[in-house]
> 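This is the structure, below, for whatever I ask next.
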Protein chains: 2
Amino acid sequence: MTKRGQGKPAGLSRERIAVAAVDLVDRQGLESFGVRRLASELGVDPMSIYNHIKGKAALLDAVSEAVLAEVSATAAQWPDDWMDIARTMARGYRDMAIRHPRIFPLLATRAQTSAVAFEALERLTTAMRRAGITDQAIADAPLVLFGFLNGYLLATLSTDPGEAGGPATGAAQPAFDPALYPTMAALAPLQAGFGGEPEFERMLATVLAGIAEGAARA
Amino acid sequence: MTKRGQGKPAGLSRERIAVAAVDLVDRQGLESFGVRRLASELGVDPMSIYNHIKGKAALLDAVSEAVLAEVSATAAQWPDDWMDIARTMARGYRDMAIRHPRIFPLLATRAQTSAVAFEALERLTTAMRRAGITDQAIADAPLVLFGFLNGYLLATLSTDPGEAGGPATGAAQPAFDPALYPTMAALAPLQAGFGGEPEFERMLATVLAGIAEGAARA
DNA sequence: CCCTACTACCTACACCGTAAGTATTACCTA
DNA sequence: TAGGTAATACTTACGGTGTAGGTAGTAGGG
């Protein structure tokens, strides 16, 4: 009575698995994610997944690659000016992070070596060269920009709201005791929009200003 | 023949557990870290740990709190100028990250709400206020600075070298195909010191310049 | 001296990632 | 059309995990 549909292709493929994995992590989070959960989601034996993806690490790689590809896909076209390119990239990257807050830590933690990542870097650096910026400043720029983006987005998205709250609208901060931390407490109102878009634009401008200043400084 | 030393205090304490956990993660990495491993390291039953720390999540909290405390502990004294303070903090933070590369992802991922973290923020913001900087720029500064630090250090330390290589001396990057990514390939020599101290100082200066520029801009 | 609180331990359960082996199908060749 | 081959999916099993629940022993206060 056993051995039912064995051997018959169940329509699995690396891409289909990746799509389902992205969806599963989006819904249930990284903690509970696993090969077995994903397999049951696909209506498939856990080990069948191993025919397409080597192990859990490779699975997570596929997940992060899939969401990273969204960034390039959503950008209709690219400006000429390097600052506009950087801004467009940063905004698209943030939008992706907001769409997939529970996946984003994967991106920030793992080194990105996919083609889409390389293409983005190439696009940015080429535009900076066109603008006649110092090579050293150009070489540093990606690490400064994406270092900031990764760290900032990690911080603002890390407060996992479960289900409540709109997307990226100020995950509540812990509130400072005025007796212990008077300055921080006084500043608290100005940090109300924590994680919001105006704040992001402000800080992005700050970092880009630093890069531009460094380009001039050299 | 069972029931040997049951009930007798084995000298466990939250702090002793945290110290052992830090040491264990430093040596074996986050992946393999677990309650059972830690318990055997301490020569103790796994469940005994639960008498002092609620669960694995709390255990990781204790680990990250312990290494974060090192930063304040190593700084002998603090300068007056806010930029010097920021630099000192950043360097101490980087030194800590280099000492504990496998623990650092924990810090960058989890929101820091410990007293040492708050004190550091209070110190920085108070100094900025003394300098007469706009409140909005002050309120933004910590997130920009530590956002960058977290993202940058994550990127430069993520290439886990296992055992080889000196500390933080250029984890080799993937090398770009000149045919596909000509600009990046041309820039590669300038990225040789990836993760090194001069690079860090350059990028830190870039970010601080951006913050200072934003302070003037407002 | 007993009683209480506390620490440490033991057992057990549900779950995990995955190595190794087996059965079934689809396709290509003759 | 028949036979062989490679690919795919499944099954079983092993050693690990976090931790809930219950038990045994000691330390210190009355």
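First the proteins, then the strands, lettered A, B, ... as listed; each starts at 1.
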> Could you check how far CD1 of A/Ile49 sits from P of D/dT8, rounded to whole Å?
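Value for this atom pair: 15 Å.
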> Is the distance from OP1 or OP2 of D/dT8 to the nearest side-chain N or O of A/Ser48 less than 4.0 Å?
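It does not, given that no N or O in the side chain of A/Ser48 lies less than 4.0 Å from OP1 or OP2 of D/dT8.
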> Taking atom P of D/dA20 as reference, at what distance in whole Å does atom NZ of B/Lys54 sit?
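Interatomic distance, NZ of B/Lys54 to P of D/dA20: 10 Å.
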> For B/Asn51 and D/dG22, give me the distance from atom CG to atom P, rounded to whole Å.
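That distance rounds to 16 Å.
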> Could you tell me how far apart A/Glu31 (CD) and D/dT19 (C1') are, to the nearest whole angstrom?
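Taking CD of A/Glu31 and C1' of D/dT19, I get 15 Å after rounding.
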> Could you list the protein-to-nucleotides 12-16 of chain C atom pairs, N/O on both sides, closer than 3.5 Å?
| unit_1 | atom_1 | unit_2 | atom_2 | d |
| --- | --- | --- | --- | --- |
| C/dC16 | OP1 | A/Arg37 | NH1 | 3.4 |

> The criterion is side chain to side chain contact (heavy atoms under 4.5 Å, CB included); which residues satisfy it with B/Phe33, sequence neighbours excluded?
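Side chain to side chain contact (heavy atoms under 4.5 Å, CB included) check on B/Phe33 returns B/Ala21, B/Leu24, B/Val25, B/Leu38, B/Lys56, B/Leu59, B/Leu60.
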> Output a table of donor-acceptor pairs, distance under 3.5 Å, between side-chain atoms of residues 175-189 of chain A and any protein atom two or more places apart or on a different chain; print 'none' if there are none.
| unit_1 | atom_1 | unit_2 | atom_2 | d |
| --- | --- | --- | --- | --- |
| A/Asp177 | OD1 | A/Ala179 | N | 2.9 |
| A/Thr183 | OG1 | B/Glu122 | OE2 | 3.1 |
| A/Thr183 | OG1 | B/Thr126 | OG1 | 2.8 |

> Of the nucleotides C/dG17, D/dT19, C/dT7, which one has an atom closest to the side chain of B/Met47?
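Shortest atom-to-atom distance from the side chain points to D/dT19.
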> Evaluate the ring planes of A/Tyr93 and A/Phe104, with Trp represented by its six-membered ring, and classify them as parallel (under 30°), tilted (30 to 60°) or perpendicular (over 60°).
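A/Tyr93 and A/Phe104: perpendicular rings.
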> So, A/Phe146 versus B/Tyr152, ring centres under 6.0 angstrom or not?
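No: the rings miss the under 6.0 Å criterion.
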> Nearest heavy-atom pair of B/Leu121 and B/Pro142: which atoms, and what distance?
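Distance-wise, the nearest heavy atoms are CG-CB, 4.1 Å.
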> Once hydrogens and angles are ignored, does a donor-acceptor distance under 3.5 Å link the base of C/dA8 to the side chain of B/Asp45?
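In this structure, the two groups form no donor-acceptor pair.
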> Roughly how many Å is it from CG in B/Leu30 to P in D/dG18, rounded to a whole number?
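Spelled out: CG on B/Leu30 to P on D/dG18 is 12 Å.
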> Roughly, in whole Å, what's the span from CD1 in B/Ile53 to P in C/dA8?
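Atom CD1 in B/Ile53 sits about 12 Å away from atom P in C/dA8.
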> Can you tell me how far the CH2 atom of A/Trp82 sits from the CZ atom of A/Arg87, to the nearest 0.5 Å?
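Atom-to-atom, A/Trp82:CH2 and A/Arg87:CZ are 8.5 Å apart.
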> Between D/dA9 and A/His52, is there an OP1 or OP2 to side-chain N/O distance shorter than 4.0 Å?
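For D/dA9, OP1 or OP2 has a side-chain N or O of A/His52 closer than 4.0 Å.
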> Give the rounded distance in Å between these two atoms: CG of B/Leu60 and C1' of D/dT17.
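For the pair B/Leu60 CG and D/dT17 C1', the rounded distance is 14 Å.
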> Between C/dC9 atom C1' and B/Leu42 atom CG, what is the distance in whole Å?
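Rounded to the whole Å, the gap is 15 Å.
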> Can you tell me which nucleotide in C/dA8, D/dA9, C/dG17 comes closest to the side chain of A/Tyr50?
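The answer is C/dG17, which lies nearest to the side chain.
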> Return the minimal non-hydrogen interatomic distance between B/Gly196 and B/Arg94, and the atom names on each side.
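Where B/Gly196 meets B/Arg94 most closely, the heavy atoms are C-NH2, 3.5 Å.
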